[in-house]
Amino acid sequence: MKVPLALAALLLTACSSPAPEGPRPFAPTQSPVRWISTSGIARLASSQDVAIQNVRKIVGVSRDGHRVVYVDDASGHYVALDLRTGQIRQLTAKPVGRVREGEPHLAISGDGTFFATSPVAVAETTITNFDTGETRIIKNVCRLYGLTSSGVLGTRHCEGDSDLRWVSPGKKPRVFEGLNRNDEPSLSPDGKFIAVQGFTLIDFATGKAVRNFPIPATEQWLDADHLLARTDNGYYAADIRTGSLTKLPVVAPPTRGSC
């Protein structure tokens with residue numbers, strides 16, 4: 001189940017209880033950004049509008065809402081902008097031309113530090129550390145489903161249904177046999193679980209399914225303990241340990257001009 005970018009950018013930062021076992025309450029707090037339009041206008045929680053310059057297309061937002069990824073209309077590169085400082089990082093080695101629609105070609109680490117991009121139909125991914133500017137190239141990874149400081153989760157080929165794989169620089173890829181793009185996989189922010197279609201949780205360490213809950217979860221992680229769920233009555237935080245749902249105070253962004 002796909003979540004519109006503008007809704008994913010509502011920035012429901014989460015606070016979880018420190019208890020190691022059992023349900024972990026989800027408490028959404030005020031987000032720094034309410035929505036981002038396709039023209040590059042970011043509406044902040046303070047109701048202030050921030051205009052992002054030279055935006056061809058908004059393609060992603062960090063989980064904390066502070067960093068926005070877009071295609072720069074002047075250069076054709078993917079860039080990330082920090083809304084707090086105005087700092088910009090180029091994320092692609094070459095201009096991307098046309099964005100690869102309908103394919104997961106961007107991944108952002110849970111803390112918003114690392115950005116992985118594979119915007120063209122070539123099995124090569126660029127990972128950028130926003131804070132330092134350091135970049136590295138990962139070969140044989142095209143579709144992207146998750147990122148941490150130690151590696152990226154994706155598939156090897158840009159076409160077909162190749163198995164999901166975890167790739168860390170300098171190490172042999174780890175293949176999750178039987179899992180591919182059709183499972184709509186998504187790595188948790190802490191890298192401990194992979195959520196797949198039907199709200200099945202895969203333990204990253206063992207590769208085995210550990211939980212399955214019949215709730216309408218999406219691939220959007222709210223924090224390491226909760227997935228975004230959607231029903232006819234609204235949006236919820238789904239606890240990955242119990243399957244319990246917490247109603248979220250989500251107000252849909254404007255239809256006109258939004259992503």
Completion exercise
Closest non-hydrogen contact found for L245 with A229 is CD2-CB, 4.2 Å
Completion exercise
Between the CG atom in N212 and the OG1 atom in T200, the distance rounded to the nearest 0.5 Å is 3.5 Å
Exercise for the section: For atom CD of Q87, decide whether the heavy atoms of other residues, nucleotides or ligands shown that lie under 6.0 angstrom number more than 12. Expected result: yes
Practice task
State, yes or no, whether a side-chain contact exists between R63 and I108 at a heavy-atom distance under 4.5 Å.
Solution key: no
Practice task
Nearest 0.5 Å please: distance from the CG atom of L248 over to the OH atom of Y235.
Solution key: 10.5 Å
Exercise for the section: Flag the pair S109 / F130 as yes when at least one side-chain heavy-atom distance between them is below 4.5 Å, and no otherwise. Expected result: no
Practice task
Look only at the side chain of D82 and the backbone of R84, and say whether a donor-acceptor pair between them is shorter than 3.5 Å.
Solution key: yes
Fill in the blank from the handout: Closest non-hydrogen contact found for G60 with L106 is CA-CD2, 3.7 Å
Problem - Spatial distance of atom CG (L179) from atom CD1 (I194) [nearest 0.5 Å] - result: 6.5 Å
Exercise for the section: Measure from the side-chain N and O atoms of T148 to the backbone N and O of S150, and report whether any donor-acceptor pair falls under 3.5 Å. Expected result: yes
Exercise for the section: Specify the closest pair of heavy atoms between H157 and S162, including all atoms of both residues, with the distance to one decimal. Expected result: N-OG, 3.3 Å
Exercise for the section: Verify side-chain contact (heavy atoms from CB on, under 4.5 Å) between H105 and Y78, making sure each step is shown before the conclusion. Expected result: CA-CA 11 Å; H105 57 268; Y78 272 36; 2.7 Å; yes
Practice task
Identify the two heavy atoms, one from L147 and one from A107, that lie closest to each other, and give their separation to 0.1 Å.
Solution key: CD2-O, 3.5 Å
Problem - Minimum side-chain heavy-atom gap I88-Y70 below 4.5 Å - result: yes
Completion exercise
Partner of V71 under side chain to side chain contact (heavy atoms under 4.5 Å, CB included), picked from I58, V96, L91, is V96
Fill in the blank from the handout: Looking only at heavy atoms, the pair that brings F176 and G207 closest together is CE2-CA, 4.1 Å
Handout entry: Check: G151 main-chain N/O paired with W166 side-chain donor or acceptor under 3.5 Å
Key = no
Practice task
Starting at NE2 of H226, measure out to OG of S244 and round the result to the nearest 0.5 Å.
Solution key: 6.5 Å
Exercise for the section: Rounded to the nearest 0.5 Å, what's the gap from CG on N129 to CZ on R89? Could you check? Expected result: 8.0 Å
Problem - Side-chain heavy-atom pair T246, Y236 within 4.5 angstrom cut-off - result: no
Practice task
Using the rule that two of Ile, Leu, Val, Met, Phe, Trp, Tyr join whenever any of their side-chain heavy atoms come within less than 4.5 Å, decide whether V69 and L144 are in one cluster.
Solution key: no
Exercise for the section: Give a yes or no answer on whether the side chain of R67 reaches the backbone of G112 with a donor-acceptor pair at less than 3.5 Å. Expected result: yes
Exercise for the section: With the side chain counted from C-beta on, respond yes when D163 and E177 share a heavy-atom pair under 4.5 Å apart, and no when they do not. Expected result: yes
Practice task
Could you walk me through whether T92 and H77 pass the side-chain contact (heavy atoms from CB on, under 4.5 Å) test, one step at a time?
Solution key: CA-CA 6 Å; T92 47; H77 284 282; 3.0 Å; yes
Completion exercise
Taken to the nearest 0.5 Å, the spacing of T155 OG1 from R165 CZ works out to 9.0 Å
Practice task
Please report the C-alpha distance between Y145 and V196 in whole Å, then the side-chain angles of each, then the deciding distance to 0.1 Å, and finally whether the side-chain contact (heavy atoms from CB on, under 4.5 Å) criterion is met.
Solution key: CA-CA 11 Å; Y145 298 102; V196 299; over 6 Å; no
Problem - For G146 against L187, the heavy-atom pair lying closest together - result: CA-CB, 3.7 Å
Exercise for the section: Group every Ile, Leu, Val, Met, Phe, Trp and Tyr by side-chain heavy-atom contacts under 4.5 Å, then state whether V141 and F114 land in the same group. Expected result: yes
Handout entry: Side chain proximity check, P169 to I138, heavy atoms < 4.5 angstrom
Key = yes
Exercise for the section: Please check if V167 and I127 belong to a single hydrophobic cluster, counting links between Ile, Leu, Val, Met, Phe, Trp and Tyr side chain heavy atoms closer than 4.5 Å. Expected result: yes
Practice task
Could you tell me whether the side chain of R143 and the main chain of C158 form a donor-acceptor pair under 3.5 Å?
Solution key: yes
Practice task
Report yes or no: do V210 and L227 belong to one cluster of Ile/Leu/Val/Met/Phe/Trp/Tyr joined by side chain heavy-atom distances under 4.5 Å?
Solution key: yes
Practice task
State whether the side chain of S118 and the backbone N or O of C142 hold a donor-acceptor pair below 3.5 Å, judged by distance alone.
Solution key: yes
Problem - side-chain contact (heavy atoms from CB on, under 4.5 Å) between D190 and F204, intermediate numbers included - result: CA-CA 10 Å; D190 58 9; F204 180 84; over 6 Å; no
